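To keep things clear, I will list the structure first and then write my remarks on it.
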Amino acid sequence: MDWNNFILENEVPIRLGFFFGILLLVALWEILTPRRLLSQPKILRWSHNLGLTFLNSLLLRLLFPAAAVGVAVFAGQQGWGLFNYYHLPLALSATVSVILLDGIIYLQHVMVHAIPLLWRLHRVHHADLDFDVTTGARFHPLEIIFSMLIKFAAILLLGPPVLAVVIFEILLNATSMFNHGNLRLPVKVDRVLRLFVVTPDMHRVHHSIEDDETNSNFGFNLPWWDRLFGTYKAQPDAGHEGMTIGIDRFRDPTKVERLPGMLLLPFSGHSTGYTINRRNWNKRPKA
């Protein structure tokens, strides 16, 4: 089978199928075993969070019709990138490519917390007053464009197989929805699972109102980067039921839970002390 042609012809239905399938699965799971009570009406949050998601999808399709897969095809045709120069078996090159791309996304995530201008964009994601599956797809359009450009640069540098790019895109979307899920996992299951993938309890810490917790657990898919670079925090100090989600200076639901407010949020107020290079941690060291 010619994987490149198959993927190019079916990329959209493949990605949409996984997106809606995982969204439905996690949404049902949240109903069955919720971790926290939501502070805002779910219908309100879902309509605006998913409205932002669909706006971003439309914008990306208009600006970058070929998307990341098209860039991978182009890199292969030009012979650009590490894996187009050193030819390895597909299984090996695809596996290594997915891991390296995930590491780049981790570094990008740290960067949007470290640079005040980028934090302005990224705080749209953090300003959600609750934490559930739709939070995982809630990003400002300008951050989505920036993220896509970073991804394009990474693909041109690495030259990953087209199959690896599709796998990575699906994994990134799926794990983002999973680890933002309002899910209650047994403690023993979570303890083992977070050795291999970022779990909801692990990532929820990152959405805490406390700045030292916000600036920890940056991983979206693989949990190893946080442990490797010293940004791992096992649990929130106040516990998962007691912790406060969001940003302390942005608590008005009419501004942070409505689409117009989310679009305007980067242009409101100051960058605040949440950015890593402005942090002032007065609490005990991270666990």
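Note that the structure is a prediction, hence the values are computed from the model and not measured. Values below: every heavy atom of this structure, side chains too, minus hydrogens, waters and symmetry copies.
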Pick out which of D130, D128, N49, N179 makes a side-chain hydrogen bond (donor to acceptor under 3.5 Å, both in side chains) with T135.
-> D128
Which heavy atom of [X] sits nearest to which heavy atom of [Y], and what is that distance?
X: N217; Y: H203; value: O-ND1, 3.6 Å
X: N182; Y: F131; value: CB-O, 3.5 Å
X: V26; Y: G181; value: CG1-CA, 4.0 Å
X: S97; Y: S93; value: OG-O, 2.6 Å
X: Q108; Y: S147; value: NE2-OG, 3.2 Å
X: L222; Y: F196; value: CD2-O, 3.9 Å

In terms of ring plane angle, is the pair F139 and F220 parallel, tilted or perpendicular, where the classes change at 30° and 60°?
-> tilted
Could you check whether the rings of H126 and H207 sit parallel, tilted or perpendicular, using 30° and 60° as the cut-offs?
-> parallel
Shared hydrophobic cluster for [X] and [Y] (ILVMFWY, side-chain gaps under 4.5 Å):
X: L82; Y: L88; answer: yes
X: L37; Y: I209; answer: no
X: L58; Y: V124; answer: no
X: Y232; Y: V192; answer: no
X: W46; Y: F178; answer: yes

Does the gap between the ring centers of F64 and F152 come in under 6.0 Å?
-> yes
Report yes if some heavy atom in the side chain of [X] is under 4.5 Å from a heavy atom in the side chain of [Y]; otherwise report no.
X: L92; Y: F83; result: no
X: P253; Y: R258; result: yes
X: E169; Y: V69; result: no
X: T53; Y: F19; result: yes
X: I105; Y: N221; result: no
X: E213; Y: D237; result: yes
X: P160; Y: I155; result: yes
X: I245; Y: R204; result: yes

Crowded around [X] [atom1]? As in, over 12 foreign heavy atoms under 6.0 Å?
X: L28; atom1: CG; value: yes
X: L32; atom1: CG; value: yes
X: Y86; atom1: OH; value: no
X: F267; atom1: CZ; value: yes

Can you list the steps and then say if F18 with N173 is a side chain to side chain contact (heavy atoms under 4.5 Å, CB included)?
-> CA-CA 8 Å; F18 274 98; N173 285 330; over 6 Å; no
Spacing of [atom1] belonging to [X] relative to [atom2] belonging to [Y], to within rounding of 0.5 Å:
X: I247; Y: T214; atom1: CD1; atom2: OG1; value: 7.5 Å
X: L129; Y: F250; atom1: CG; atom2: CZ; value: 11.5 Å
X: L44; Y: L38; atom1: CG; atom2: CG; value: 11.5 Å
X: H180; Y: H125; atom1: NE2; atom2: NE2; value: 3.0 Å
X: M262; Y: L55; atom1: CE; atom2: CG; value: 10.0 Å
X: E210; Y: S216; atom1: CD; atom2: OG; value: 11.0 Å

Check R36, R35, K233, R184 against D201 for a salt bridge (Lys or Arg N to Asp or Glu O under 4.0 Å) and give me the one that passes.
-> R35
S176 side chain to G136 main-chain N or O, any donor-acceptor pair under 3.5 Å?
-> yes
Verify, without hydrogens or angle tests, whether N84 (side chain) and Q78 (backbone) share a donor-acceptor contact under 3.5 angstrom.
-> no
Dump the intermediate steps for side chain to side chain contact (heavy atoms under 4.5 Å, CB included) on T175 and V198, then the final yes or no.
-> CA-CA 8 Å; T175 54; V198 176; over 6 Å; no
For the residue pair [Y] / [X], report whether a side-chain donor-acceptor contact shorter than 3.5 Å exists.
X: E257; Y: H48; result: no
X: H206; Y: H109; result: yes
X: T254; Y: D252; result: yes

Give a yes or no on whether a salt bridge exists between D132 and K42, defined as a side-chain N under 4.0 angstrom from a carboxylate O.
-> no
Given the options D102, V96, T95, L101, I99 meets side chain to side chain contact (heavy atoms under 4.5 Å, CB included) only with T95
Stepwise side chain to side chain contact (heavy atoms under 4.5 Å, CB included) test for I104 and L157 | CA-CA 11 Å; I104 290 170; L157 177 65; 5.6 Å; no
Apply side chain to side chain contact (heavy atoms under 4.5 Å, CB included) to W225 and V110, showing your working.
-> CA-CA 11 Å; W225 310 112; V110 173; over 6 Å; no
